[in-house]
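Please read the structure below before turning to the comments.
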Amino acid sequence: MSAPSLGPPCCPAEGPAVSADGMERELARERTLLRRKVSVAAVLTVLVMVSSLPHMLGLHGLPLLPFWFTSPWTQLILTTPVLFWCGRDFFTGAVSAFRQHFADMNTLVAAGTGIAYLTSLFTTLFPQVLIAEGLPADVYYETVAVILTLVLLGRLLEARARGQTSEAIRRLLQLQPPSARVLRDGQPVEVPVSMVVVGDLVQVRPGEKIPVDGEVSEGSSWVEESMLTGEPTPVAKAAGDAVIGASMNRSGSFTFRVSRVGPDTVLAQIVELVRQAQSSRTQVQRLADQVVGWFVPVVIALAIAAFVVWFLISGNPVLAMLFLVSVLVIACPCALGLATPTSIMVASGKGAENGLIFRSAEALETAGKLRTIVLDKTGTLTRGQPEVTDFERLAGGVLPAYTLLALTTALESRSEHPLAEAITTYARSQLKDGALPALEGFEAVAGRGVQGVVAGQQVRVGTPRWFEELGIDTVALQPLVERLEAAACSVAAVVVDGRIEACFGVADPLKSSSAAAVAALRRLGLQVVMLSGDAKRTAEVVAAQVGIERVIAEVRPADKSSVIRKLQERGEGPVAMVGDGINDAPALAQADVGIAMGTGTDVAIAASDITLISGNLAGVPAAIELSRAAMANIRQNLFFAFAYNVAGIPIAAGLLFPLTGWLLNPMIAGAAMAFSSVSVVSNALRLRNFRPARLPLPTT
Amino acid sequence: MQILAAAAPLWRTIDQPVALKGLVAIVGLLLIAWQLWWFLGRQGAGVAARQSEAGLQEITILVDGGYAPSRIKVKAGQPMRLAFHRVDPSSCLAQVIFPDLHKSLDLPLDATTSLELPPTKAGVYPFHCGMNMVRGVLEVE
């Protein structure tokens, strides 16, 4: 298709890794600068503190310190660079936010330290004014320096921790190998991944990563997809099987035809979904955001009020100023703003690691509150690949088996229903090669069956219920239906020209993980409901095999969403629906949480809130556990953040002073502020240790 | 460094003239009222995006300590392109997030990064920086 040239990648937007790299470099540069500022601030602050030591201890000098070192002028010289270089961002940030009518943490820090600095500067220049009032000519440079250093240190720790929260995305991006071995004119050529186009043939050798998505055209191998699906067992791949970019080839060599590149690959879609989830917000967050909006102006009002009240009570402007500074510094709403997003970031990244993709923060929030979980039978509990177990001609039938199979195959080969596929596969294996009779006027009746005219005869294949509705005599069918349904088989009857001729028993084997997953869901306290289009008896047999007590059977695809709605209306919600994401889409959308079972390559997830990249049902209890852990974490964080402010502000304002003599030194306020942000982020990072309870996986 | 302190000379009371006390109280109250009005009351009318030929609504937002403009007005049902030009080095502003639209955008320093949004239903969509400290509003009407 294109020449084997090795030019530069055509478009940097194609590879998701490119922008992430640039961003990463910028963040790293900022962290370096921040670290330098913290170091400089720390050294100067220690010097300022030593310089102010004799005064604090009430001495007129210390043996080893020269007199000039303890002078306020020395402290002024040491503090000024801390304020104007290390703490510059706080002031520029506060000024530009002010111009935008915003007040944020910069406003509080800048106002607090600025006021303390100016007061000290005044005292340094005109000490006699205070002395005349009978007040000590104290300076508070050490307070300014300590607050700025602590807040900067808090920022540095926070920047580091935030870098770790987005680690999941970075790890996903790094999964893609940089180059691919593409066959050009039959010769393998090493080409950057961004140059690979759809339709290329790519060679993969043992131990190599598969660069993009495609379909195996030659060779076979075992491929490990755990990095994308969370499934630990390698998957066998042979010609015709789909392979996912970024998965790891184990034993064999093969060639595959590229089907998706760039932003269309499964990996790129997963990264995009995780990013989306990480940038969405929960209901709790919406509330917290509103609080933060008016929080800072209210704190400024409280700080001014504290100054006025203390000035009126004591007449002492220095004391009043200290209260003002304490309130401003302690109340920084940083922790409040960080509480939810950090937890969401860590949790959705953790989910991606385990093959659980949350579409939004809300999905993560709701999944933990679920009370009812509806599992679709076909493709969710079962493998979704039904097989014919029985083919029986009925007593009143007149046509030979061979003819019946030919008629059925002609009709069913047009249908896309999984049962039809099973019947066609079975019939073809029974029929000798031969042309099928001609079909006219094909029609599929949803949830009932299919009909058409084959070789001049009207043929219908469908559920016994359909034929009852059509008024066809089904008496001969009843004993067979009972026997097959008791064996968990679906029954498809064949009617030719209004006469029941034969019936098929089709069974869909259970997935090996289903029973354990259902048990895990019940242990989590959820009511588990099975939803199926099959006959009641068949459905009940399957349900009993996996340990589900409540079954809603004989539901046509179009009615699935109304079943969910009824459950919600009856107050059994929040309800989750687990389905395969394509024909269950309306039900997935109706449910409070729609969970789509991916098949690894098929990211048909538009209607779902959570996607399980693997087809393993064990992901559902894992997702619910993760959600509960994340929400508990968010509640802890919000509690930390609120409790800290609720307790801190009154103490800082001196409310407890008349009662207990408690007074918060502004320096302690600065430390508390930094500590609250760091504690919230560290608590969120604890979520990284989340491990879903591993279910015993029987060998398939 | 005193964490809990009492009765140090600093805590002595001073008799201030009543006029001064009254003045401090009045100035304090005025200051409180003014800053509340400035930060909470005066939101500004917002800036409307301009229409380009292709039916796209375009606006450039300067990211410098805040978003200028911070209140953006666009029309419902039309695609839009929001171009963020970031000049502020603070890492907080390195990301802009539209939580209700499930969009986030990395903003490299001293560069313009565009976010294209499909036609959107009428409503108020807040956006904020990575740390949720600096905020703006997209008003779709």
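Convention: sequence-line order gives letters A, B, ...; per-chain numbering from 1.
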**Asked** Using non-hydrogen atoms only, which part of A:Phe311 is less than 4.5 Å away from chain B: side chain, backbone, both, or neither?
**Response** both

**Asked** At a heavy-atom separation under 4.5 Å, does A:Ala94 approach chain B through its side chain, its backbone, both, or neither?
**Response** neither

**Asked** Is any side-chain N of the basic residue among B:Glu139 and B:Arg71 closer than 4.0 Å to the acidic one's carboxylate O?
**Response** yes

**Request:** Rounded to the nearest 0.5 Å, what's the gap from OH on A:Tyr140 to OG1 on A:Thr119? Could you check?
**Result:** 9.0 Å

**Between B:Gln51 and B:Gln78: side-chain donor-acceptor atoms closer than 3.5 Å** = yes

**Asked** In Å and rounded to the nearest 0.5 Å, what is the CD1 to CD1 distance from B:Ile59 to B:Ile72?
**Response** 5.0 Å

**Fill in**
Counting heavy-atom pairs under 4.5 angstrom with chain B, the leader among A:Ile313, A:Leu312, A:Asp89 is A:Leu312

